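Worksheet for the structure shown next.
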Protein chains: 2
Amino acid sequence: MSQGNSCVSVTAVQARACTVREALDRVGGKWSIGILVAASEGPVRFTELERQVEGISRRMLTLTLRNLERDGLLHRKVYPTVPPKVEYTATPMALELYESLVALTGWAERHRTAISEARAAYDQEHGAPTG
Amino acid sequence: MSQGNSCVSVTAVQARACTVREALDRVGGKWSIGILVAASEGPVRFTELERQVEGISRRMLTLTLRNLERDGLLHRKVYPTVPPKVEYTATPMALELYESLVALTGWAERHRTAISEARAAYDQEHGAPTG
DNA sequence: CCGAATCCGTAAAGATACTG
DNA sequence: CAGTATCTTTACGGATTCGG
């Protein structure tokens with residue numbers, strides 16, 4: 001997931017950019033947000049996530065779960081019962097992150113149509129994908 | 001850059017997740033943020049960006065520039081002079097996006113060490129990359 | 001100075017079958 | 001139920017070359 005970046009920028013401008021990317025890298029994957037949002041509502045089990053995120057493969061669910069756990073965004077609790085039971089819970093840090101993401105949600109909603117129009121205009125002016 | 005997603009989620013929970021991803025996809029690339037931040041300070045030229053972003057290749061600069069322009073985040077102004085001159089300017093929409101990203105910056109700075117520690121702890125408990 | 005076009009390596013992501 | 005292992009496809013990103 002292209003992490004392991006320590007913000008070794010030369011200019012102050014790019015140092016700021018790097019800090020932003022540092023945050024985005026935590027949720028940069030295709031599925032991280034979906035899992036995080038689902039886990040923000042309370043503890044969720046593996047199969048439960050598999051249904052909720054919908055479209056995710058078993059493999060990607062496992063991988064993303066591991067990464068989120070490794071970053072301290074999810075807590076993994078195993079119940080040693082005979083049908084195995086594992087619960088994933090969002091940590092306070094993850095909940096805080098989600099709050100920060102709400103600002104982005106607002107932006108996306110406000111400019112959703114503007115972006116679509118910009119893309120349509122661009123595609124028409126240049127080589128449009130539709131023809 | 002894995003865009004073209006229209007948020008066709010079934011559950012309300014995942015619809016919210018999708019809106020967040022919609023915003024993240026605009027800046028999801030490896031270089032988008034760096035370019036956006038540089039352009040937020042005022043109009044910048046191609047070669048200027050090539051130096052500022054530092055590490056970016058000519059190809060990726062061009063590609064990312066095109067995507068940002070297509071999404072309506074950058075305005076491209078060409079001066080038909082004999083040595084060609086092209087200026088890229090952040091649109092109001094892009095500046096607004098950058099403001100929203102500042103919230104994320106705060107989060108990243110607050111939890112930078114916590115994340116590092118979480119990763120170290122995880123790597124030690126499981127198979128550590130360093131041994 | 002600003003870019004397009006091509007080739008190529010790596011990493012992300014999907015599908016599926018198998019296991020404790 | 002909760003994963004792991006393996007295989008294949010796709011997208012991202014780097015290096016290089018060429019053109020206006």
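Since the structure is predicted, the reported quantities are computational estimates derived from the model, not experimental observations.
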Is it the case that Glu87(A) and His75(A) place a side-chain donor and acceptor less than 3.5 Å from each other? no
Could you state the atom-to-atom distance from CD1 of Ile35(A) to P of dA2(D) in whole Å? 14 Å
Per nearest nucleotide of DNA chain C, the residue lying toward the 5' end, Leu65(B) or Val82(A), is Leu65(B)
Please state how far atom CG in Leu63(A) lies from atom P in dC7(D), giving the value in whole angstrom units. 17 Å
Using a cut-off of less than 4.0 Å, is there contact between a side-chain N or O of Arg58(B) and OP1 or OP2 of dA5(C)? no
Taking the side chain of Arg66(A) as its heavy atoms from C-beta onward, which of dG14(D), dG3(C), dT4(D) lies nearest to it? dT4(D)
Does Ile35(A) reach the side chain of Leu74(A), with side-chain heavy atoms less than 4.5 Å apart? yes
When rounded to whole Å, the CG to C1' distance for the pair Leu61(B) and dA15(D) reads 15 Å
Between Gly55(A) and Lys85(B), the residue closer to the 5' end of DNA chain C by nearest nucleotide is Lys85(B)
Using a distance-only test with no angle check, is there a side-chain donor-acceptor pair under 3.5 angstrom linking Tyr79(B) and Arg45(B)? no
Would you indicate what Arg45(A) reaches in the nucleic acid, counting non-hydrogen atoms under 4.0 angstrom: base, sugar-phosphate, or nothing? sugar-phosphate
Ignoring backbone atoms, establish whether Lys30(A) has a side-chain N or O less than 4.0 Å from OP1 or OP2 of dG14(C). yes
For Leu49(B) and dC2(C), what is the distance between atoms CG and P respectively, to the nearest whole Å? 9 Å
Confirm from the modelled atom types if Arg59(B) and dG13(D) form a donor-acceptor pair under 3.5 Å, side chain to base only. yes
Could you give the CD1-to-C1' distance, from Ile56(B) to dG14(D), as a whole number of Å? 11 Å
What is the separation between atom CG on Asn67(B) and atom P on dA4(C), rounded to the nearest whole Å? 12 Å
Just the rounded figure in Å: distance from P of dA2(D) to NZ of Lys77(A). 15 Å
Can you check whether Tyr88(A) has a side-chain N or O nearer than 4.0 Å to OP1 or OP2 of dG3(D)? yes
Does the side chain of Thr47(A) get closer than 4.0 angstrom to OP1 or OP2 of dA2(D) through an N or O atom? yes
Measuring from Leu104(A):CG to Arg26(B):CZ, what's the distance to the nearest 0.5 Å? 11.5 Å
How far apart are the closest heavy atoms of Tyr88(B) and Arg76(B), and which atoms are they? OH-NE, 3.3 Å
Describe the nucleic acid contact of Pro84(B) in one word from base, sugar-phosphate, nothing, applying a heavy-atom distance below 4.0 Å. base
Could you tell me the separation between the CE atom of Met60(A) and the P atom of dA15(C), rounded to a whole number of Å? 11 Å
Which part of the nucleic acid, if any, lies within reach of Thr62(B) when heavy atoms closer than 4.0 Å are counted: base, sugar-phosphate only, or nothing? sugar-phosphate
